[in-house]
Each structure stands twice: as C-alpha cells, then as structure tokens.
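Right, one structure below, let's go through it.
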Amino acid sequence: MLRVIIAEDSVLLRAGLSELLTLGGHRVLAAVGDAPGLVRAVAAERPDVVVTDVRMPPGLRDEGLRAALELRAGDPSLPVLVLSQYVATAYATQLFTGASAAGLGYLLKDRVGDVTEFLDALRRVHEGGTVIDPEVVRVLLAPRAADRPLARLTPREREVLALMAEGLNNQALAARLFITEASVVKHASSIFTKLDLDPTEGNRRVLAVLAHLRGTGP
C-alpha cells in the first residue's frame, strides 16, 4: 500500500484518481486543487508518492510542475508522477534535467484510463524508476540534427532507448521487441557508448533517458 497525495484542479478527475488509487489498495492522504495546497499537504503528511497535474491554480500555467520541482529540490528522494493534458516536451525536459531523474514520471492524462498501466507506472516511480509516456517518447524521437549524439544510434537502438525512457526493464524490453535479454544488454551497451556515458557515473539508463530528452550529449 502506497500513501499518496493527489494535486489536480478538476474536481471530477481528482475524485476519480482518489477512487482508482483506493480500489488499487493505496491510501490517499490528501487530494488538493492547487499548487500551494500540494506543498502544504506534502509538508504535513510526508507521502510515499505525489501525483500532480502540470497546470493548476492560481495561474493555470505550470504551477503544478513548479511545485513538483520545488518539492524535489527539498527532498530529492520524493517520488513524483506528473500528469499532463497534452504532449509538452518542454515540461518533460524541465522535470527530468535536474540532479536526478530517479523516482520521476511524466504521463499524459489519457494514460489514467488504463488502470493497470497507471498503477504500474505509480509503482515503478515509487521504486525509483523513471517513467515517460510513450506518446511523449514518440515526439522526442522525431528526426533531429545529424550532428547530435542521438543520430549515432541505429533504428533498433532508438527503439531500445525509447522503451528505456518508458521505464521498462531488460525483461520487459526483450518481451516488447521479441528479442533476448542478452540482445537488450548488447544494444544498451552500444547506446551508452555512442552517447558517451561514463560507466562509473550513476544510473546510465537514467542518463540515457536524459540525453534522449535533451537531444544532446551529457
């Protein structure tokens, strides 16, 4: 059971998320409708994970995202799953280019409709994983300038990197692509090499995802 705080300005979606999480066996500590309320609730309750919308009162711009960044700055270990109505790669990039992407997720709200997928994403974020919505990944994989590091990757390596960005482990990756886990390891090693990722520098999967988001080298 996870102890969750929800921040969502839509009353109906807030209630729906609360019910979904409760039915999934989790406990909703608070469900708030604005960014200041989110910050206060986290300070009071110390949840296991936060689920927040990007656009929230008072300005209905990116207050939810900025509150999430503020919370992570105060506690980098706090798992946060951000929900967005639309594909906004600038928001995703801002979220994932901090000191650490571990325990962070960025999903489109449509994904909430697939209850199993949403709850799995919440679990992976709580366990320290990095989860990015497949549609956001698809946009990020749009053709880029030839001199950028991502252009070094083969089509298969780009597929592997895209699934890494979604937060899949080697076993799930292999099943999705109908290849062996040994092949996944081989492709991942090649990706890390081509993106000039230092094998001694933290979680290389997360670094690869960040390179993917930025479209540049580390």
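These numbers were taken from a predicted model, which means no experiment stands behind them.
Pairing each heavy atom of Ala68 with each of Thr52, the nearest pair is CB-CG2, 4.2 Å. The heavy-atom pair separating Ser18 from Thr22 by the smallest distance is O-OG1, 2.8 Å. Residues Ala35 and Gly64 share a closest heavy-atom pair of CB-N, 4.4 Å. Across all their heavy atoms, Arg14 and Val32 have their closest contact at CD-O, 3.2 Å. Heavy-atom minimum distance, Val39 versus Leu71: CA-CD2, 4.3 Å. In this structure, Phe118 and Leu83 approach most closely via the heavy-atom pair CE1-CD2, 4.2 Å.
Here the straight-line distance linking atom OG of Ser84 with atom CG of Asp62 works out to 11.0 Å at 0.5 Å rounding. Note that CG of Leu81 is 12.5 Å distant from NE2 of His126, once rounded to the nearest 0.5 Å. Here His187 contributes atom NE2 and Leu153 contributes atom CG; the two are 11.5 Å apart, rounded to the nearest 0.5 Å. In this structure, CG in Leu65 is found 11.5 Å from CE in Met56, a value given to the nearest 0.5 Å.
Scored by the side chain to side chain contact (heavy atoms under 4.5 Å, CB included) test, His26 finds Leu2, Val4, Leu21, Leu119, Leu122 as partners (sequence neighbours excluded).
Atom CD of Glu19 sits in a sparse spot, with 12 or fewer heavy atoms from other residues, nucleotides or ligands closer than 6.0 Å. With a 6.0 Å radius and a threshold of 12 heavy atoms from other residues, nucleotides or ligands, Arg156 has its CZ atom above the threshold.
Checked against Glu159 for a side chain to side chain contact (heavy atoms under 4.5 Å, CB included), the options Leu173, Leu177, Thr154 give a single hit: Leu177.
At a threshold of 4.5 Å between side-chain heavy atoms, the hydrophobic network of Ile, Leu, Val, Met, Phe, Trp and Tyr places Tyr106 and Val112 in two separate groups. Hydrophobic clustering of Ile, Leu, Val, Met, Phe, Trp and Tyr side chains at less than 4.5 Å, counting indirect connections, unites Val42 with Leu69.
In this structure the side chain of Asp110 never reaches within 4.5 angstrom of the side chain of Glu135, judged on heavy atoms. Residues Glu157 and Lys194 have side chains in contact (heavy-atom distance under 4.5 Å, counting atoms from C-beta outward). Between Pro58 and Glu63, the closest side-chain pair of non-hydrogen atoms falls below 4.5 Å.
No donor-acceptor pair closer than 3.5 Å links the side chain of Asp133 to the backbone N or O of Leu107. Here the side chain of Arg3 pairs a donor or acceptor atom with the backbone of Glu45 at under 3.5 angstrom.
Between Lys109 and Asp53 a salt bridge is recorded (basic side-chain N to carboxylate O distance below 4.0 Å). Ion pairing between Glu127 and Arg124 fails under the 4.0 Å rule for side-chain N and carboxylate O.
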